[in-house]
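None of these values were measured; they are calculated from a predicted model.
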Amino acid sequence: MRALRTLLIIAVILGALFTAVDRVAVHLAEGEAADRLRASEGLVSTPDVDINGFPFLTQVLGGSLDEVQVGISDYQAGAGEDGRTIRIADLRADLRDVEFSGDFGSAVADSATGTATLSYDELLRTAKAEPTQVAPGITAEVVALSDGGNGKIKVGLETTVLGTKLPEPVPVLSSVTVVDGNTVRVRADALPVLGGVEIAESKVRQITDFEQRIDGLPGGISLEKVQAAEDGVEVTVTGKGVRLAG
């Protein structure tokens, strides 16, 4: 009986030691993976990397991790072929079945899902932010973007009639969608009346409607769907065979 009790105590101690070693190992691996990701993506700051699943060491021996969560703040994505960039305030990705090399020099996830948050100020930079004539004596420009509720964007148009600016921006409720897996499109649901004059739809849409291309997300992640939220546009991102490093 005493021998059995001793064996049980030893088993508990060994289990505790294994758990402690396992947690130290996963912490070191998370740091190494974060450094590798920062270097491979040219990030300004070190990303957050969380390796889930227990035990970690068993996963390492198998060469594949069940789940890795990555968080990147202030990610500079490409905004077109002219070299412009656009800042993604927060990029979060949940990576599944991640196969990696022994030194974490390369890692490829079978699949990835996540979100990317784009502020209204960043998206506003892509709108036609300069006065444009839409009718004789009438000019308009986009001066504000905000949450319009129910997944819509409210576009604020500053209108000038015969040299006099209207006291308040004209609100335009707009839908936001993803096009071709890499472009956010904003399109007015209904055209506003500007200056009390009927204006050709094509002229008004030159101002109200615009697109923002987003390229170069980590590992080839693409845009899936988008909706307006309180603090900005929230984009759902997905990917297959997502390469994190190497």
(message) Can you tell me which residue among Val176, Leu173, Asp147 is in a side chain to side chain contact (heavy atoms under 4.5 Å, CB included) with Ile153?
(response) Val176

With [X], which residues qualify under side chain to side chain donor-acceptor pair (under 3.5 Å), at least two apart?
X      : result
Asp189 : Lys152, Ser175
Glu234 : none
Glu30  : none
Thr85  : Gln76

(message) Holding to side-chain contact (heavy atoms from CB on, under 4.5 Å), I want the full list of residues that pass it with Ala89, two or more places apart in sequence or in another chain.
(response) Arg87

(request) Go through the structure and list residues passing side-chain contact (heavy atoms from CB on, under 4.5 Å) with Ala116, not counting sequence neighbours. (result) Ile88, Leu91, Val235, Val237

Report the residues that fulfil salt bridge (charged side-chain N to carboxylate O under 4.0 Å, His left out) with [X], sequence neighbours left out, ordered by chain and then residue number.
X      : result
Asp97  : none
Arg185 : Glu211
Asp94  : Arg96
Asp90  : Arg92

So, taking the atom named [atom1] in [X] and the one named [atom2] in [Y], what distance separates them when rounded to the nearest 0.5 Å?
X      : Y      : atom1 : atom2 : result
Ile199 : Leu194 : CD1   : CG    : 4.5 Å
Ser174 : Asp209 : OG    : CG    : 7.0 Å
Asp50  : Leu95  : CG    : CG    : 11.0 Å
Gln69  : Ile51  : CD    : CD1   : 11.0 Å
Arg125 : Leu145 : CZ    : CG    : 12.5 Å
Ile72  : Leu43  : CD1   : CG    : 5.0 Å

What heavy-atom pair brings [X] and [Y] nearest, and what distance separates the two atoms?
X      : Y      : answer
Leu217 : Ala77  : CD2-CB, 4.3 Å
Tyr120 : Ala228 : OH-CB, 3.4 Å
Val68  : Leu65  : CG2-CD1, 3.8 Å

(message) Please evaluate residues Val186 and Leu123 with respect to the criterion side chain to side chain contact (heavy atoms under 4.5 Å, CB included), reporting the C-alpha separation (whole Å), side-chain torsions for both, the decisive distance (0.1 Å), and the verdict.
(response) CA-CA 10 Å; Val186 178; Leu123 192 58; 4.3 Å; yes

(message) Using side chain to side chain contact (heavy atoms under 4.5 Å, CB included), reason through Arg205 and Arg187 one step at a time and then give a plain yes or no.
(response) CA-CA 8 Å; Arg205 288 201 179 277; Arg187 181 176 172 84; 3.5 Å; yes

Should [X] and [Y] count as side-chain neighbours, where that means a heavy-atom distance under 4.5 Å?
X      : Y      : answer
Ile214 : Leu118 : yes
Val184 : Leu223 : yes
Val142 : Thr208 : no

(request) Please list all pairs passing the side chain to side chain donor-acceptor pair (under 3.5 Å) test where one or both residues lie in residues 216-229, with sequence neighbours left out. (result) none

Report all side-chain donor-acceptor pairs from residues 154-172 shorter than 3.5 Å, counting only partners two or more places apart or in another chain.
unit_1: Glu158; atom_1: OE1; unit_2: Lys165; atom_2: NZ; d: 3.4

